[in-house]
Protein chains: 2
Amino acid sequence: MSSSEDTGTLGKAINLLDLIASAPDALRFSDLLKLTGQPKGSLHRQLRHLVVEGLVDISPDGAYQPGIRLLKFASRAWARNTVRKLAEPHMKVLHDITGETVHFGMLRGAEIVYLDKLESRQAVRMHSQVGNASPVYCTGIGKAAISCLAEDRLADLVQQVRFHRYTASTITDAAALRDALGLIRQRGYAEDLEEHQAGICCVAASVVVASQNFIGGISVTAPVFRAGSLERGEWVAPVRRAAGSIAEDMAYGLSPAHQDR
Amino acid sequence: MSSSEDTGTLGKAINLLDLIASAPDALRFSDLLKLTGQPKGSLHRQLRHLVVEGLVDISPDGAYQPGIRLLKFASRAWARNTVRKLAEPHMKVLHDITGETVHFGMLRGAEIVYLDKLESRQAVRMHSQVGNASPVYCTGIGKAAISCLAEDRLADLVQQVRFHRYTASTITDAAALRDALGLIRQRGYAEDLEEHQAGICCVAASVVVASQNFIGGISVTAPVFRAGSLERGEWVAPVRRAAGSIAEDMAYGLSPAHQDR
DNA sequence: AACATGTTTCCAAATAATGGAACTATCAGG
DNA sequence: CCTGATAGTTCCATTATTTGGAAACATGTT
């Protein structure tokens, strides 16, 4: 099918895990049976394997949900991630300038995965955002990131997107998305004006380092009452500067000249 | 071997992932070759599958590390985890009483995985603890948790443990661990007196709900200069109370229908 | 240029996954 | 207490996948 390499048994298992992780509600065996269309025997075996390995847990009411063993893996993934470490100081600078929430994320499939977040008040729990995956078409970082893709890859990606109307302003079709991307390319930055969450908007710029196959972005997010067009206008330059610095560090800091550890 | 069920291909892949995630340094292909003892062909294929699935990323210098796709999975696992949600208010109470860092974690294999953390100052990044896995024998929660195990299961677990001396006070053999557990059972709470990190100690109590196969604990952690025997003595009752409340909520709150497994 | 080290590809043999069907458990209603 | 419906589990011959040795390929070193 389409462009995905075959990963055999593992791929099937992870697809199942993804299904369980992506579902809005907890799924029972029979829900999964319908969703996957697999025979009972196969599905049951796959689930048992996932459960034994700790990638899936069975909740007290018999529903399947992502397992807590994943926390350990993710904790290591985050701690090791060089890109994130490298971006951190630039996020701080941007955060100091704007005083608003700063996000850093990267493209993964047709979603943006948030790698880090800096918030003025640390009231909101970190896990509520880091690791979260949001659709490309309704986030500033998402649109900024894919505006840099080559046409063939963009076409592939757009085809994968399943549009969902989160708010009245959400982009809900490919044509509108392409229009938006045109404007973003022209301006050099992206905005999300309450397209994902009502009352929240952001200014974002892409961070793309072709040599490392990295496609992502950085953004400043704020509630609408603190982010009128005036404020957003003031954020554009700092956001772009931060994005540029991160890309530069990535391209430069990790070249042959630099020694690791 | 020993007591683990067979999970075929998936199990092998996840073992490999665990190896990559658990290593203190980034591993290259040949490191993994030595560690796993597998033939090149097989290892390469397994790694490729993990990489394609996003469970493993290849860093710019060619080393393998846990993939950022795991962040998404873990983020969901954390958000969905009913036990954690249920424990949160009791953690808050304990945190208000003591003013010190509160941890909540559960047993997974021979390790304690931290499910949540409340800190007076949110200076330390959350991912630095949540999802972290620490050995049972040198953490308060770990010792409290396993002090409640039945003898046969405890024996199994102790056999899995590979003791490592983190500090001068670390328990480094099974006999000493069993002694410590005896005292913990007698007292009804556990302490970690700089056994994992120099300068850090904690008071912990177990949270065990047999009907839900949950084994874990809650703890108050502080630097030694703020946690003398006087202060620790004052924490014992609140910690035990919090542990008891969580266990109670778990036993009552979640079972309209009694499930067995 | 020759070598050592690290990585990828290939394919017949060995092994594991597949999925249909039969079986068991649980529950609601009469 | 029985009956049928829904949910979950086990079994096993067939089929597809993983396995691992060997050889090719790449890259950096003396």
Side-chain angles (χ1 to χ4, degrees), chain A residues 1 4-17 19-20 23 25-53 55-65 67 211-213 254-261, chain B residues 1 4-17 19-20 23 25-53 55-65 67 211-213 254-261:
Chain A
M1 336 194 169
S4 59
E5 262 192 85
D6 185 39
T7 52
T9 310
L10 179 67
K12 289 166 201 157
I14 300 304
N15 278 349
L16 186 54
L17 175 58
L19 199 65
I20 291 170
D25 308 306
L27 299 169
R28 279 162 308 133
F29 185 84
S30 32
D31 298 325
L32 289 167
L33 210 52
K34 278 169 215 145
L35 282 169
T36 61
Q38 283 195 316
K40 289 180 180 181
S42 305
L43 179 61
H44 180 255
R45 183 170 9 81
Q46 288 183 352
L47 282 171
R48 185 163 41 79
H49 286 177
L50 285 169
V51 169
V52 170
E53 287 299 332
L55 304 187
V56 165
D57 285 343
I58 301 179
S59 72
D61 64 335
Y64 293 91
Q65 46 181 221
S211 68
Q212 284 171 59
N213 210 31
L254 298 167
S255 54
H258 186 76
Q259 283 198 335
D260 63 317
R261 290 191 50 79
Chain B
M1 332 255 169
S4 56
E5 262 192 83
D6 186 37
T7 52
T9 310
L10 179 66
K12 288 166 203 158
I14 300 304
N15 276 349
L16 187 54
L17 175 56
L19 200 66
I20 292 169
D25 307 306
L27 299 169
R28 279 160 310 132
F29 185 85
S30 33
D31 299 325
L32 289 166
L33 209 53
K34 278 168 215 147
L35 283 168
T36 60
Q38 283 196 317
K40 292 179 179 182
S42 306
L43 180 62
H44 178 255
R45 183 168 11 79
Q46 288 183 352
L47 282 171
R48 184 163 41 80
H49 286 179
L50 285 169
V51 168
V52 170
E53 288 299 332
L55 304 187
V56 165
D57 286 343
I58 301 178
S59 72
D61 63 336
Y64 293 90
Q65 47 181 220
S211 67
Q212 283 171 56
N213 209 30
L254 295 170
S255 53
H258 184 69
Q259 298 275 349
D260 207 22
R261 204 188 81 76

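Chain letters run A, B, ... following the sequence lines, proteins first, then strands; residues in each count from 1.
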Check the distance between [N]'s [atom2] and [X]'s [atom1] and give it to me in whole angstrom.
X: A:F29; N: D:dA7; atom1: CZ; atom2: P; result: 11 Å
X: B:K34; N: C:dT7; atom1: NZ; atom2: P; result: 10 Å
X: B:Q46; N: C:dT7; atom1: CD; atom2: P; result: 16 Å
X: B:L35; N: C:dG6; atom1: CG; atom2: P; result: 14 Å
X: B:L16; N: D:dT19; atom1: CG; atom2: P; result: 11 Å
X: A:K40; N: C:dG19; atom1: NZ; atom2: P; result: 15 Å
X: A:R48; N: D:dG8; atom1: CZ; atom2: C1'; result: 12 Å
X: A:L33; N: D:dA7; atom1: CG; atom2: P; result: 9 Å

DNA chain D: A:K12 or A:S30, which has the more 5' nearest nucleotide?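 Checking each residue's closest nucleotide, the 5'-ward one belongs to A:S30.
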Would you name the heavy atoms of B:L55 and A:I14 that are closest together and state the gap between them?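 Heavy atoms of B:L55 and A:I14 come nearest at CD1-CD1, 3.5 Å.
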So which atom in B:L10 and which in A:A13 form the shortest heavy-atom distance, rounded to 0.1 Å?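 Shortest heavy-atom separation between B:L10 and A:A13 comes out as CD1-CB, 3.8 Å.
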Establish, with yes or no, whether the OP1 or OP2 oxygen of [N] is under 4.0 angstrom from a side-chain nitrogen or oxygen of [X].
X: B:H44; N: C:dT7; result: no
X: A:R45; N: C:dA17; result: no
X: A:T9; N: C:dA16; result: no

Name the residue from B:V56, B:L50, B:D31, B:L16 that meets the side chain to side chain contact (heavy atoms under 4.5 Å, CB included) definition with B:Y64.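 By the side chain to side chain contact (heavy atoms under 4.5 Å, CB included) criterion, B:Y64 pairs with just one of B:V56, B:L50, B:D31, B:L16: B:V56.
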Answer whether the closest heavy-atom distance between the side chains of A:I58 and A:L47 falls below 4.5 Å.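 They are not in side-chain contact.
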With a non-hydrogen cut-off below 4.0 angstrom, is A:S42 in contact with a base, only sugar-phosphate, or nothing?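 Base contact.
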